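Shown next, in structure tokens, is the structure this report addresses.
Just so it is clear, the model here is predicted, and its values are computed rather than measured. Positions are given from 1 along the sequence.
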Amino acid sequence: MQSWLNTMANKTGLPVLLQTRRLIELLKAVDVNLDAGEMVLKLEKDSAPKRIEYSKLERLELARESVRKLLRTVEVKVIKLHVRGMENTVVIASDKVGDYDYVEQYLKKIAEKYEITVEQ
């Protein structure tokens, strides 16, 4: 067990407990309001909306993830927002947000405007 912990710590440079803690701390958006200079996100476990200025976005990751729904697994599209000054990654998933395709297209335009890296 100890050798596995050392191997994991050596690969990433982070202690294993910190790695697993970061995996758990993904913030999931349930509502997205896109304004001209910022976005307002209502997060799953937060009562107050979170304001994020577009200029603070470091990078966007567009991906697909498997999500367990009742008795089956479905593929959902996700956008992971990496924001300067925030430790946690914000996730916008197509199964949680109403008009996901519009949000995705708008954020791509914002990324082009603010020269933000988009990873696919």
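Between Glu53 and Arg51 there is no salt bridge, since no side-chain N of the basic residue sits under 4.0 Å from a carboxylate O of the acidic one. A salt bridge is defined here as a Lys NZ or Arg NE, NH1 or NH2 lying under 4.0 Å from an Asp or Glu carboxylate O, and Glu75 with Arg64 fails to meet this definition.
By the neighbour-count criterion of 12 heavy atoms within 6.0 Å, atom CD of Glu112 is sparsely surrounded, having that number or fewer from other residues, nucleotides or ligands. Environment of CZ in Arg72: sparse, with no more than 12 heavy atoms of neighbouring residues, nucleotides or ligands closer than 6.0 Å.
Considering CD of Glu115 and NZ of Lys113, their distance stands at 12.0 Å, rounded to 0.5 Å. Taking CG from Leu57 and OG1 from Thr117, the interatomic distance works out to 11.0 Å, rounded to the nearest 0.5 Å. Taken from CD in Glu61 to CD1 in Ile79, the straight-line distance is 11.5 Å, to the nearest 0.5 Å. From Leu26, atom CG reaches atom CD of Glu44 across 10.5 Å, with rounding to the nearest 0.5 Å. Between Met86 atom CE and Glu58 atom CD the span is 11.0 Å, to the nearest 0.5 Å. Atoms CD1 and CD, from Ile52 and Glu38 in turn, are 9.5 Å apart once rounded to the nearest 0.5 Å.
In the hydrophobic clustering of this structure, Val118 groups with Ile110; members are Ile, Leu, Val, Met, Phe, Trp, Tyr whose side-chain heavy atoms approach within less than 4.5 Å, directly or through other members. Under the 4.5 Å side-chain contact rule for hydrophobic residues, Leu34 and Val30 do not share a cluster. Residues Tyr106 and Leu62 share a single hydrophobic cluster, defined by chaining ILVMFWY side chains whose heavy atoms lie under 4.5 Å apart. The same ILVMFWY cluster, assembled from side-chain heavy atoms under 4.5 Å apart, contains both Val78 and Val74.
No donor-acceptor pair under 3.5 Å is formed between the side chain of Tyr114 and the backbone N or O of Lys56.
The closest side-chain heavy-atom distance from Leu107 to Ile92 is below 4.5 Å. The shortest side-chain heavy-atom distance between Val97 and Tyr102 does not fall under the 4.5 Å cut-off. Looking at Lys50 and Leu27, their side chains never come closer than 4.5 Å, going by heavy atoms from C-beta outward. By the 4.5 Å heavy-atom criterion applied to side chains, Val76 and Tyr100 are not counted as neighbours.
Of all heavy-atom pairs between Arg59 and Ile116, the closest is CA-CG2, 3.6 Å.
Each of Glu65, Lys69, Lys77 was compared with Asp95 under the side-chain contact (heavy atoms from CB on, under 4.5 Å) criterion, and only Lys69 meets it.
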Item to check | Stepwise side chain to side chain contact (heavy atoms under 4.5 Å, CB included) test for Leu81 and Leu60 | outcome: CA-CA 5 Å; Leu81 305 172; Leu60 303 175; 3.0 Å; yes
